[in-house]
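Structure, as structure tokens:
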Amino acid sequence: MSIPPLFIGSEIYRGSSYGPKHPLAIPRVSTAIDLSRAMGWLPDEVYIDSPMASPQELARFHTPDYIDALHRAEAAQRVDPETGERYNLGRLENPIFPEMYRRPATAVGSALLAARILAERPAGIVYSPASGTHHARPGRASGFCYFNAPVLGILALLDEGIERVCYVDLDAHHGDGVEEAFAHDDRVLTISVHEEGRWPFTGKAEDRAGGVARNLPVPPGFNDTEMAYLLENAILPLGRAFRPQVVVIQTGSDALAEDPLSRLELSNGALWDAVRALMGLAPRLLVVGGGGYNPWSVGRCWAGVWATLNGIDPAVPPTLEAERVLRALTWSRAAGRNPPEHWFTTLADAPRPGPVRDAVRRVVALAMEDSVSGR
Ligand SMILES: [Zn+2]
């Protein structure tokens, strides 16, 4: 039996920060929850408080020594230089912070619960905005990610008997950790849209990771029309040909124009349209978050993703209560000192249409060379 979309969250993200100077100093999941509630989109019956993944569950992908090192680093709130070097901990990108083990383990717990819920039903949608940590590797932290929740969620789906999963990564950065994990597993098709020439500098258009992975690197200035073009001419046809039983969407919001960490220029409506289109690819959908470093952009975007999953148009004026949530946010970056009024008084960005440039057409042509199909 089909059930209404479920939202898995946790209060561990509220007030948790990677440190005052880190891009993840800002609230994200808590804002998505607060905004969704303030809009009347998130009744208690569909909200699930996330469990935390156990060390045994994490070990399905991560090495026991890394899990242990992260656990000890959280308790001690420090790492020795050798441990820091080996696991990429205590550096600028993956700093020591109070919830550095429990927070990512909770994001994995959400993904595992989502996978189990989806595996036992013929249809359904689960949203876990915390679970987009796509860069983490089996034995080291990478790119703000400590444990790889998308990988562990997909592994749980496969372990439950699902045979074809299509993973679509809309984050501004290449979904390298997920691509690498499933490069040689023909049960999983990974498709990543990301800014070319940006960290981690992998995911070139011709790179299929030794298998059927698809990469769609896009130029700075990437606009809404180009996103729609990618969807219509590459992502949807590739996805349909694969005949996935479950679609996993990574909705990093750092490809939005007002995000400080990329030079892509989408409006949040382009991401919502993508989610709406991808919903048609399979009866079961796991939607996770990802990057997003402007607190207003990410909160408005992710609340809108949740509305979209519920068949609600998010392009409506915020309620007074939702506007209060937005006005209460602060941001230490320069743009946060004098935020434009529309960050408080709208949920939908103004659309950002534009020409479809040759670079985008080339990437689509490369992705569509040779067919990809489900078994
Ligand atoms: Zn990103």
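Nothing fancy with the numbering, it's 1 onward along the sequence. Each ligand, and each atom within it, is numbered from 1 in the order the structure gives.
Within the structure, the side-chain hydrogen bond (donor to acceptor under 3.5 Å, both in side chains) test picks out the following pairs touching residues 273-290 (sequence neighbours left out): D273-R276. Pairs passing the salt bridge (charged side-chain N to carboxylate O under 4.0 Å, His left out) check and including a residue from residues 128-144, sequence neighbours excluded, read R137-D176, R137-E180.
No side-chain donor-acceptor contact under 3.5 Å links D169 and H194.
Atoms of the protein (N, O or S only) found under 2.8 Å from the Zn ion (ligand 1) are D171 OD1, H173 ND1, D254 OD2.
Under the side-chain contact (heavy atoms from CB on, under 4.5 Å) criterion, D65 pairs with T63, R86, Y87, sequence neighbours left out.
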- request: Run the numbers on E99 and R102 for salt bridge (Lys or Arg N to Asp or Glu O under 4.0 Å), then give the verdict.
  value: CA-CA 5 Å; E99 308 86 10; R102 285 168 294 154; 5.1 Å; no

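The residue from I8, L6, I33 that alone fulfils the side chain to side chain contact (heavy atoms under 4.5 Å, CB included) condition with Y47 is I33.
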